[in-house]
Amino acid sequence: MIEIESLVAGYGQVPVLHDVSLKVAQGELVGLLGANNAGKSTLINCLSGTVRPRQGRIRFKGEDITNLAPHKIVDLGMIQVPEGRLVFPQMSIRDNLMLGGISARARKQRRQRLEQVLETFPRLQERLDQHAGTLSGGEQQMLAIGRGMMAGAEVLMLDEPSLGLSPLFVQYIFETIAKMHRMGLTILLVEQNSSLTFRHASRCYVLEQGRVAIDGPTEVVRNHPATRKAYLGM
Amino acid sequence: MDMLAQALIQGFLIGGTYGLVALGLGLIYSVSNIVSFAHGDFMSLAMYLSVSLFAAFAMDPYVSVFITFPVLALVGWGLYYFILRPVIGSNSLMIIQLTLGLTFLLQNGLLMVYGGQMLRVPSMVESKLFLMGDTVMRWPLLIAFIASLALSALLYLMLTRTDFGRQIRAVNQNPKAAALMGVNVTQVRTLVFALGIALLAVAGSLLLPGATLQPGMGLRYTVITLLILVLGGMSNFIGILLGGYIIGLSEAVGTTFLSGVSGMILPYALFIVIMLFRPAGLLGSR
């Protein structure tokens, strides 16, 4: 479904990604691991069109989407739930969700999807007209994922969904992610929390200094000596 | 007492239109962080277009606005897309210099085309008067007030109830997050520029009856607009409208009760005093 070939990207003169290749098949939940500044967010920002690659190709369902504008990528069904949630704090939860379904492909089914999101996250239902900035971190993460659902995502790219959340919220968010995956959604999960990723992903990639250091089925990546050393302290 | 009532009513009525002019710039600022120093000169341009339309077709300013509005919208679109978009995100001094350059370009362009003499555009209601208690008022002021109020209400509804309004607020709060939601940020900014500049065509036609035009007058409107914008907290809708009334009232009271230049100074003096106590604007920035 997603094919990245030899991607090179960076900011200004600073290179971040070097010759990165990655594949995600339809219906897969793929984990993308790496330490801070390994290039994980840059990679999904390239997929979302907010960072322009210098070299390489990105294909979505066989179509070349390298350098496509972000709104066009959303229109294809590739949705990013960004790190730090990035909800619109001075807009109501309802308006945040409605914005999630702003793309041409999602607009027709907005009402129906709004009901689905509120069924999935009943806490949002109770606060629909409240400003998003008044929500807790966990509730904001629900809202951010809800916006992704509103967009009618075919692929959901989640950037550090556990960041800054209490263990209870992390568990709830990951149960929801697993449920969405079971319903057929393709998910690219970017996380620093390796144990959570290993629990849910069928395959993983580990980025180190902008390069794919390890990749393969989760069991292989988990048992790789470099992974055990870097993430499990063994 | 009559004079005070007259000044207050006049200031209140004109303040509504000042607010509308500043709302246009406020919208532009909210999506692009650009403060255009040529804003008032685009209103001059709209007013002079009305002069031409009157000269060619004897068109009343209330009618010619249906032509100047789309023309100014096109100008606003071109201004953002071709001139400001390529430099957005660069040093703010460059953008300030660019819009200041546009000021000189527009003023001198108008001077070349229309000459330096004062011009007027007659209107069917220009000299019509009405009584409010013991106070005599001009119809154009009331029309300007009602039209500005109605347009401001429409803008408010657009911002709060429509998808386009949600997109504007999203770009205002976080352009990257807006783009990740599928908002075409460039398109939103271009349309807001078109709308913000087109509103000047409406404000221009409302201020035209009874006004005299000269090519350099845009600077005065720019300064008034900036005062109102800062008073209003830059992008606070209600704050900007309130700022319009404060500047309109202080200007009318100043020019009625203080002689010559001192009267014109009152809005600026009041502005400084308000800023000392409310540095983030009358109602804050949102």
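Since the structure is predicted, the reported quantities are computational estimates derived from the model, not experimental observations. To find a chain, count down the sequence lines: A is the first, B the second, and so on, and within it residues start at 1.
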Go through the atoms of [X] and report whether side chain, backbone, both or neither lie under 4.5 Å from a heavy atom of chain B.
X: A:D75; value: neither
X: A:R110; value: side chain
X: A:R107; value: side chain
X: A:N45; value: side chain

(request) Please confirm whether A:R123 makes a cation-pi placement over A:F121, using NZ or CZ under 6.0 Å from the six-membered ring centre and within 45° of the ring normal. (result) no
Kindly say whether [Y] contributes a backbone atom to a donor-acceptor pair with the side chain of [X] at under 3.5 angstrom?
X: A:Q90; Y: A:G133; answer: no
X: B:T103; Y: B:F37; answer: yes
X: A:T186; Y: A:V155; answer: no

(request) Would you mind checking which part of B:Q187 comes under 4.5 Å of any heavy atom in chain A, side chain (CB onward), backbone (N, CA, C, O), both or neither? (result) neither
(request) Kindly determine whether B:L155 and B:L195 satisfy side-chain contact (heavy atoms from CB on, under 4.5 Å), including the steps that lead there. (result) CA-CA 10 Å; B:L155 278 177; B:L195 176 65; 4.0 Å; yes
(request) Check whether the ring centres of B:F12 and B:F145 lie less than 6.0 Å apart, and answer yes or no. (result) yes
(request) Please determine, among A:R147, A:M98, A:K72, A:M150, the option with the most heavy-atom pairs under 4.5 Å with chain B. (result) A:R147
(request) Could you check which of A:S103, A:S48, A:P89 has the highest count of heavy-atom pairs closer than 4.5 Å to chain B? (result) A:P89
